[in-house]
Amino acid sequence: ATAGNLFTVTSPNVVYTDSTIESKYTYRTTSVTAGADGRYTAVPKETLYDFKTERAVPKTGLMLVGWGGNNGSTVTAGIIANRRGLTWDTREGPRAANYYGSIVMGSTLKLGTDAATNRDVNIPFHDVLPMVHPNDLVIGGWDISGLNLAESMDRAAVLEPTLKQMVRKEMAEMRPLPSIYYPDFIAANQEDRADNILPGSKAEWAHVEKLRTDIRDFKATNGLDKVIVLWTANTERFADIIEGVNDTAENLLASIKNGHEEVAPSTVFAVASILENAPFINGSPQNTFVPGAIALAEQHNAFIGGDDFKSGQTKMKSALVDFLINAGIRLTSIASYNHLGNNDGKNLSSQRQFRSKEISKSNVVDDMVEANTVLYKPGEKPDHTVVIKYMPAVGDNKRALDEYYAEIFLGGHQTISLFNVCEDSLLASPLIIDLVLIGEMMTRIQWRSSGEGEYKSFHSVLSVLSYMLKAPLTPPGTPVVNALAKQRAALTNIFRACVGLEPESDMTLEHKLF
Ligand code: NAD
């Protein structure tokens, strides 16, 4: 079956046309009012929406900022290996290309129950809506290091030599475009690889224009319908939020034109992408999306998403803490140590860049703690510490050591120690693919209040990407959800709504009431 053609929904609320899937969807929520006596009144509420999904799968390009890094070279080699269906020898026997670790390509969801047997029918996530296949992505991008992709894959030291041999020729022909390098934003220890850079060491409008031209040229040269830009370059330091500089869209644009020192390269990339209407996703922790950048995206109805891939330690944390607190166990501290030996670790050995990562890793349990008013008083939180050390010998095989310390029944304690060896780039690469595929899909989904007026897009800030991100960016003023299970449910249920299906409630009454 081609994408989105594995099933059809037969319902008066769903219409398939040649170009669209249209659904009428009843969104059922509960509206709560608190009385003066501290009691709540809960009222079921229904909101009617129309969703319209474009069926034609666009030819899509992915431009990576930091293409020559560990993630950039690994995801590129991985897609080539999948596209060509490669099998390579390892000391444990032959291994074949796959997309394990991608929620879109490697996981399923329950479509419903078999009419004859009442058993679950599960389908690949990729088949719920007509999504781009990663094998069809055209890849390009920028790097401040001029090595070709074969050389950068060697430098990354992630892949088996036998696999590298099979993709080397194709990779060697790929060379990153020169990028913008503002040395103040990344660690000084990165300077020796910066040999592929555009003139100028702080923001300037010519940089925005050059990046826009790069996106347009890439699109034209490869005959693409759409380009997604994703930052997988070094972690930058945080930019100061300064009134009059980066607080509004107009001020941000003026600051780039005036060469203000406080505009980060990632923000310049975001601005160029927004102006080209190319969705821009930030895989690193820094505050690329200063208020002015978010406002600019809203003005242009352009899509943005971020921040910071959630691959190893934090993914475990957002699953485990969700479980512990929802189990009624009072988590009292989390101590997280990491050591890693790749270039990311080298960059993070510098204090200001580490600080970006520390912030990103620190707020990830807040929503789960706040939600449990039985275990925690307002404002009360578990102690939470994050340490990262650079240890060259372990390379890309990051070590994450976590201790979760919790209070249980009658003053007892539960201590969970985790030792998680995260093959960093092999965990991050499938997340890049998910961010791109889901981000692209969201550009083809529109909604309106049922029957009323013009269809419009989702909000510019794609919080639906939260599952893949450590510090999810949400539309201004809206809450952040870190709990992994909720993030997955939001994603799958929004996709289901687009084909007129109810959220999967897991009540399975058919197995309980008969
Ligand atoms: P890396 O250091 O191997 O790659 C980053 C690349 O970006 C390098 O090739 C560097 O030359 C390039 N670069 C730096 N500044 C640039 C600029 N201004 N323009 C273009 N290129 C630039 O790092 P990595 O392991 O591939 O990780 C990439 C990013 O993803 C890091 O910020 C890291 O913190 C983040 N991240 C990674 C993981 C993971 O790998 N599991 C998880 C979460 C976040």
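Annotation: Met105, atom CE; neighbour count of heavy atoms from other residues, nucleotides and ligands within 6.0 Å is above 12. Within 6.0 Å of OH in Tyr100 there are 12 or fewer heavy atoms belonging to other residues, nucleotides or ligands. Other residues, nucleotides and ligands contribute at most 12 non-hydrogen atoms within 6.0 Å of the CD atom of Glu423. Within a 6.0 Å radius of CD in Glu191, other residues, nucleotides and ligands contribute 12 heavy atoms or fewer. Within 6.0 Å of the OH atom in Tyr27, the count of heavy atoms belonging to other residues, nucleotides or ligands does not exceed 12. More than 12 heavy atoms of other residues, nucleotides or ligands sit less than 6.0 Å from atom NZ of Lys257. Within 6.0 Å of OH in Tyr337 there are 12 or fewer heavy atoms belonging to other residues, nucleotides or ligands.
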Dump the intermediate steps for side chain to side chain donor-acceptor pair (under 3.5 Å) on Trp231 and Thr288, then the final yes or no. CA-CA 10 Å; Trp231 180 276; Thr288 300; 5.8 Å; no
Start with the C-alpha distance between Asp396 and Asn342, add both sets of side-chain angles, then the distance that settles side chain to side chain donor-acceptor pair (under 3.5 Å), and finish with yes or no. CA-CA 5 Å; Asp396 205 58; Asn342 54 18; 2.8 Å; yes
Pair Arg399, Leu340 - check side chain to side chain contact (heavy atoms under 4.5 Å, CB included), show working. CA-CA 6 Å; Arg399 270 68 172 150; Leu340 71 170; over 6 Å; no
Show the numbers, then the answer: is there a side chain to side chain donor-acceptor pair (under 3.5 Å) between Asp383 and Ser333? CA-CA 4 Å; Asp383 297 338; Ser333 74; 5.7 Å; no
Take Val245 and Ser255, measure what side chain to side chain contact (heavy atoms under 4.5 Å, CB included) needs, and give me the verdict at the end. CA-CA 6 Å; Val245 173; Ser255 298; 3.5 Å; yes
Output, in order, the C-alpha distance, side-chain angles, deciding distance and verdict of side chain to side chain contact (heavy atoms under 4.5 Å, CB included) for Leu473 and Ile294. CA-CA 10 Å; Leu473 188 72; Ile294 297 176; 4.1 Å; yes
Begin with the C-alpha distance, continue with both residues' side-chain angles, and end with the deciding distance and a verdict on side chain to side chain donor-acceptor pair (under 3.5 Å) for Lys361 and Gln313. CA-CA 9 Å; Lys361 278 177 167 277; Gln313 184 173 58; 2.8 Å; yes
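Using modelled atom types and a 3.5 Å distance limit, the side chains of Lys226 and Thr443 yield a donor-acceptor pair. In the model, Arg155 has no side-chain atom that pairs as donor or acceptor with a side-chain atom of Ser73 under 3.5 Å. The closest side-chain donor-acceptor pair between Thr478 and Thr474 falls under 3.5 angstrom.
Here OG of Ser425 is found 8.5 Å from CD1 of Ile432. Values are rounded to the nearest 0.5 Å. The CG atom of Asp143 sits 7.5 Å away from the OG atom of Ser152 when rounded to the nearest 0.5 Å. Remark: Leu252 CG to Ile274 CD1 distance equals 8.5 Å, nearest 0.5 Å. Atom CE of Met442 sits about 4.0 Å away from atom CZ of Phe458, to the nearest 0.5 Å.
Side-chain N or O atoms of Thr248 include none that pairs as donor or acceptor with a backbone N or O of Gly292 at under 3.5 Å. In this structure, Asp424 contributes its side chain and Lys398 its backbone to no donor-acceptor pair below 3.5 Å. Between the His300 side chain and the Leu275 main chain, no donor and acceptor come within less than 3.5 Å of each other. In this structure, the side chain of Asn282 engages the main chain of Ser284 through a donor-acceptor pair within 3.5 Å. Formation of a donor-acceptor pair under 3.5 Å by the Lys389 side chain with backbone atoms of His339 is not found in this model. A donor-acceptor pair is defined here as one N or O able to donate and one able to accept, closer than 3.5 Å; such a pair exists between the side chain of Arg175 and the backbone of Gly146. Between the side chain of Asp434 and the backbone N or O of Ile103, at least one donor-acceptor pair lies under 3.5 Å. Side-chain atoms of Asn372 come within 3.5 Å of backbone atoms of Leu375 as a donor-acceptor pair (strictly under, hydrogens ignored). Between the side chain of Asn70 and the main chain of Asn343, no donor-acceptor pair closer than 3.5 Å is present. Of the possible donor and acceptor atoms, none in the side chain of Asn251 sits under 3.5 Å from a partner among the backbone N and O of Asp247.
Using a cutoff of 4.0 Å between basic side-chain nitrogens and carboxylate oxygens, Asp308 and Lys357 are scored as salt-bridged. Salt-bridge annotation for Arg212 and Glu209: absent, with no side-chain N of the basic residue lying under 4.0 Å from a carboxylate O of the acidic one. Ionic pairing of Arg330 and Glu380 is present here: one or more N-O contacts between side-chain nitrogen and carboxylate oxygen are shorter than 4.0 angstrom. Classification of Lys210 and Glu204 as a salt-bridged pair fails, no side-chain N sitting under 4.0 Å from a carboxylate O. Salt bridge status for Asp136 with Lys59: absent, with no side-chain N to carboxylate O gap under 4.0 Å.
A heavy-atom distance below 4.5 Å is not found between the side chains of Asn148 and Met171. With contacts defined as side-chain heavy-atom distances shorter than 4.5 Å, the pair Leu348/Asn234 does not qualify.
When all heavy atoms of Pro472 and Gln487 are compared, the closest pair comes out as CG-NE2, 3.9 Å. Summarising the geometry of Ala302 relative to Ser460, their closest heavy-atom pair is O-OG, 2.9 Å, with the distance given to 0.1 Å. Nearest heavy-atom pair across Pro130 and Thr53 is CD-CG2, 4.5 Å.
Checked options Phe269, Trp142, Tyr182; the residue passing with His207 is Tyr182 (criterion: ring pair (Phe, Tyr, Trp, His ring centres under 6.0 Å)).
For the pair Lys346 and Tyr390, the NZ or CZ position fails the cation-pi test of under 6.0 Å to the six-membered ring centre and within 45 degrees of the ring normal.
A perpendicular orientation is assigned to the rings of Trp447 and Tyr49, their planes being inclined by more than 60° (bins at 30° and 60°).
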